[in-house]
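Take a look at the structure below.
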2 protein chains.
Amino acid sequence: MTATRVAGKGGMGKRRKAKVQAVAKRRQGLASRERLLDAAEKLFALYGFNGVSVRQIVHAAKVNLGAVPYHFGTKEELFKAVIYRRAQPLREEREERLKKLREKGKKPGLEEVLWALLEPAFRASRENEWFRRLLGRASMDPTPEVKKLLAEIYNVEFMVVPKELRKVNAELPDDVFYWRLNCFYGVMLFVLADPGKIQTIAGKEFDTSRPEVALKYVIPFLTAGFRSPA
Amino acid sequence: MTATRVAGKGGMGKRRKAKVQAVAKRRQGLASRERLLDAAEKLFALYGFNGVSVRQIVHAAKVNLGAVPYHFGTKEELFKAVIYRRAQPLREEREERLKKLREKGKKPGLEEVLWALLEPAFRASRENEWFRRLLGRASMDPTPEVKKLLAEIYNVEFMVVPKELRKVNAELPDDVFYWRLNCFYGVMLFVLADPGKIQTIAGKEFDTSRPEVALKYVIPFLTAGFRSPA
DNA sequence: ACACTATTCATACAAATGTATGATAAGCGT
DNA sequence: ACGCTTATCATACATTTGTATGAATAGTGT
């Protein structure tokens with residue numbers, strides 16, 4: 001295969017794995033690809049997977065329409081690429097924090113674990129605020145494709161979350177724990193999905209720029225929830 | 001105007017208001033309209049506003065394509081109709097519960113208020129389980145049309161929620177209260193949107209058929225969250 | 001400078017979309 | 001039984017959708 005563009009139907013993903021990654025940096029090319037990812041990230045976050053057309057994305061990215069089939073094959077693959085670009089670094093950071101926590105000697109408490117789990121996601125992507133919103137949104141997207149993809153991602157990247165939380169809630173019976181975990185996800189995703197929502201709800205200004213602020217309020221709420229008598 | 005079908009562009013909504021409502025019952029007609037609402041309710045709940053086409057809806061409803069322009073004018077109006085059909089009875093039930101609570105004499109507590117606010121929504125629509133999922137989903141839908149509509153609905157139908165919760169959290173400073181209210185919404189909508197999610201999260205079977213069960217777990221979590229030291 | 005690959009572009013296309021419409025049928029009051 | 005409104009139907013239409021492709025350009029190793 002000369003393998004210039006995405007082959008047939010599902011042949012994507014192999015091509016360029018080695019090549020492009022190796023070469024990516026010394027080229028000034030691939031600007032389209034990167035710009036596409038950025039634009040798609042933002043638009044998907046704002047309007048959802050089905051709420052944006054490929055044409056809107058290429059327009060925002062100032063890139064040709066053909067760039068999408070070329071670089072990603074399908075809209076769905078583009079979406080995946082958007083998520084995966086950030087998901088891995090996110091997991092790494094989360095795990096590093098957990099490691100640090102364990103190294104501190106005594107067994108970490110619920111509050112510390114919550115902090116370690118949430119902070120990276122809340123601060124996700126220094127470069128770009130849109131990813132955290134996308135993550136929240138996508139997690140509640142009812143579309144089957146999106147659900148499937150997200151399940152995939154959660155299995156790979158987020159398995160540590162329930163595992164670590166279980167450790168610091170060892171005394172809870174299974175059913176109680178999982179219901180509280182469910183509540184935890186609800187809070188996390190809601191705040192991730194729309195950091196500005198609180199302003200709408202409250203009808204006044206809030207500092208939503210710094211993620212630590214949100215965590216300052218959210219973590220005590222969650223801690224108390226987990227700690228409440230069964 | 002002979003006013004048989006939706007006029008021009010935005011003339012809908014007036015026609016039939018008096019007429020149809022008065023006649024609706026003694027006719028066996030309007031079956032299409034009702035079936036459309038049911039099918040749309042379910043499909044919107046499952047796949048979101050942008051995730052379903054009008055054709056999918058009319059097919060599920062076993063109704064002609066033209067019935068949508070005829071009865072509702074646009075897809076968006078259909079969506080509104082789906083929501084409004086249930087939203088009002090929902091509010092009424094919520095308010096009745098609150099009234100009963102106040103009549104009991106002593107000032108109602110946080111837990112009782114939570115119960116009164118949540119139970120109607122969790123049990124929303126005896127006839128049809130889909131509405132509660134739709135309500136949850138729609139509340140997180142990023143699409144501007146849906147957001148606008150939901151804001152509208154919340155202002156009319158849900159204003160009582162923050163008001164009542166504020167009463168039983170009078171001691172909290174504004175910022176703390178609103179952040180906790182935010183968390184509350186997150187939990188509520190998440191559980192409403194996908195009652196079966198907990199099974200995915202836990203990886204095992206849960207009883208998700210009876211809303212009281214969910215509330216048994218969720219309300220203590222929320223109560224503790226609101227009650228946690230600021 | 002040359003061969004070659006990687007990328008970008010303008011354009012095409014079939015499928016799906018929301019909406020509109022004229023013809024037809026059904027239901028009601030009289 | 002008739003007239004009139006309400007409802008249903010088959011069908012049409014202009015857009016928008018995702019994806020594909022061949023030609024043109026830019027970049028790289030030699």
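Note on naming: letters A, B, ... go to the chains in the order of the sequence lines (proteins, then strands), and numbering restarts at 1 for each one.
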Note the angle between the end axes of the helix from C:dA3-D:dT28 to C:dT30-D:dA1, five pairs defining each, rounded to 10 degrees. 10°
What do you reckon, is NZ of A:Lys62 surrounded by more than 12 foreign heavy atoms closer than 6.0 Å? no
In whole angstrom, give the distance that lies between atom CZ of B:Arg33 and atom C1' of D:dA7. 12 Å
Can you measure B:Lys62 atom NZ to D:dA7 atom C1' for me and round it to whole angstrom units? 19 Å
Any residue meeting ring pair (Phe, Tyr, Trp, His ring centres under 6.0 Å) with A:Phe79, in chain and number order, not counting sequence neighbours: A:Phe44, A:Phe49
List the residues meeting side-chain hydrogen bond (donor to acceptor under 3.5 Å, both in side chains) with A:Arg55, not counting sequence neighbours, and say none if there are none. none
Please tabulate, one pair per line, each protein N/O and nucleotide N/O from nucleotides 15-18 of chain C that are separated by under 3.5 Å, including the distance.
from, atom 1, to, atom 2, distance (Å)
C:dG18, OP1, B:Lys75, NZ, 2.9
C:dG18, OP2, B:Val54, N, 2.8
C:dG18, N7, B:Arg55, NH1, 2.7
C:dG18, O6, B:Arg55, NH2, 2.9

Could you go step by step and tell me if A:Asn50 and A:Thr143 meet the side-chain hydrogen bond (donor to acceptor under 3.5 Å, both in side chains) rule? CA-CA 8 Å; A:Asn50 286 303; A:Thr143 312; 2.9 Å; yes
Please state how far atom CD in A:Glu145 lies from atom P in D:dG18, giving the value in whole angstrom units. 11 Å
OP1 or OP2 of D:dT8 under 4.0 Å from side-chain N/O of B:His71: yes
Check: B:Asn64 side chain, D:dA10 base, donor-acceptor under 3.5 Å: yes
With a sphere of 6.0 Å drawn around CZ of A:Arg166, does it hold more than 12 non-hydrogen atoms of other residues, nucleotides or ligands? yes
Atom CG of B:Asn50 and atom P of D:dG18: how far apart are they, to the nearest Å? 11 Å
Whole-Å gap separating C1' (D:dT17) and NE2 (A:His59): 17 Å
Sequence neighbours excluded, the answer for side-chain hydrogen bond (donor to acceptor under 3.5 Å, both in side chains) partners of A:Glu164 is A:Arg102, A:Lys167
In chain order, what residues pass the side-chain contact (heavy atoms from CB on, under 4.5 Å) check against A:Lys197, with sequence neighbours excluded? A:Phe190, A:Asp194, A:Ile201, B:Asn182
Whole angstroms only, please: what is the CG-C1' distance between B:Leu78 and C:dT19? 13 Å
Using the side-chain heavy atoms of B:Ser32, tell me which of these nucleotides is nearest: C:dT7, D:dT8, C:dT19. D:dT8
Quick one: are B:Val146 and B:Glu76 in side-chain contact, heavy atoms under 4.5 Å? no
